[in-house]
Amino acid sequence: MRASRILDGFSQIATLAEGLLPRVGPAMRELGLLEEASVAIDQGRVVAIGPQRRLRREVRLRSGGRTESMEGRCAVPGFVDAHTHALFAGDRHGELPLKLSGASYREITEQGGGLLSTVRATRDATDVQLLRESAGRLRRMLANGTVAAEVKSGYALTHKGELRLLRLIPRLSRAIGFPLVPTYLGAHAIPPEQTDTPERYVEEMIVRTLPEVARKRLAQFCDAFLEPGFFTREQCERLLEAARSLGLGTKLHADEFEESGGASLAAQLGSRSADHLLASTSRGWSDLARAKTAAVLLPATALVSFSSRRPPGRELVDANVPVALGTDCSPNSWVESMPLVTSLAVYLARLTPAEAICAATSNAAYAIGLEATAGQISVGREADLAVFDVSAVEEIPYRFGVNPVQVYRRGAPVLSTTLRE
Ligand code: ZN
């Protein structure tokens, strides 16, 4: 067997290669660990993985190929970020003092700040500006080990504007060199022009925007924000039913501020995920488990929102819900690091370190429909790995704020060597 690159002698590799998808319950703690192991890569794909001694015997390096020593290091599959709003213009650092003084997300939005100020900035931005700002964020995510992500629209809130955002996502993906799963989130908030006529906006999404999104294949999922002051359960149900009948997958921002029956609605609709879930209850959890709807937890958002609630990670795993993680990267919670999110998942949501790694890789891939291509290290798959200077993979969540020393995307290193030496 021949390889162009051999990553030789990791202390530990979490392959997440065996077992059923999605992983639930105790299976979330089975990471498919290999010790003293190597990975051989050719043409961007893994061609062999296993004990260092066996690979040294079986794999021959192509001329011009290289072997890199991974002694004392660990690898996990490149992270999958299952929930982002990474396509936007501007920033909102100026709002932090307001948040610190106790203003809620909803209050800031009602004062024309928050989400609506990002809507203004995004509507005013040119394509070039949006691509440049968003590509910067996504490249930093890649440097932190993320090799696939979901990106939502939702900062235009007009028919044309939302279509423009969705059309930019494949261009963004080409610019940064890793897959982005586009989600239509026209139902992110009621547009400022239509606060008196929310029904008309919902109707426009259903009869005009969604059919065009589906026909032009601009999104894989349709998502909606089910919360008091945003969209009602009935509106979300109608919208997501329409999306489903057009062949789109569905997702739901559910039970973040209040328990609104969001988790149960997502399960009832057969949605791929229900996201946030800070205020969800055991009834919603059992519905999610039955439907195999992923619970996407966003613990960084709970932290930056000064929420008194903790994400119910432990409870969801124990209820056999496939738990996944995302950054929720947005101007409200500007987080680009999935390793940091795994730490928050442990310390805030009470996942075990192994569960957090599973939730950030294998189950996150499931949550955005990429389970066939992302979230594991195995023969035949693209060689996407995050390498850390730790001796056990469980140290990644354990050590707060640890960064990869190298990230491989399709077998090629993405970090400059000056960072590592
Ligand atoms: Zn969100």
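Numbering of ligands and ligand atoms starts at 1, following listing order.
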inquiry  = For the Zn ion (ligand 1), give me the closest N/O/S atom belonging to His253, just the atom name.
reply    =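 This turns out to be NE2.
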I'd like to know if [X] pairs up with [Y] as an ion pair, taking the criterion as any Lys NZ or Arg NE/NH1/NH2 lying under 4.0 Å from an Asp or Glu carboxylate oxygen.
X      : Y      : answer
Glu150 : Lys152 : yes
Glu355 : Arg23  : no
Arg309 : Glu256 : no

inquiry  = Using a distance threshold of 2.8 Å, state whether an N, O or S atom of His85 lies below it from the Zn ion (ligand 1).
reply    =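 Yes, since at least one N, O or S atom of His85 sits under 2.8 Å from the Zn ion (ligand 1).
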ask   = Just wondering, is there an N, O or S atom on His83 that's nearer than 2.8 Å to the Zn ion (ligand 1)?
value =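 Of the N, O and S atoms in His83, at least one lies under 2.8 Å from the Zn ion (ligand 1), which means yes.
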ask   = Parallel, tilted or perpendicular for His188 and His253, by the 30°/60° rule?
value =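 His188 and His253: tilted rings.
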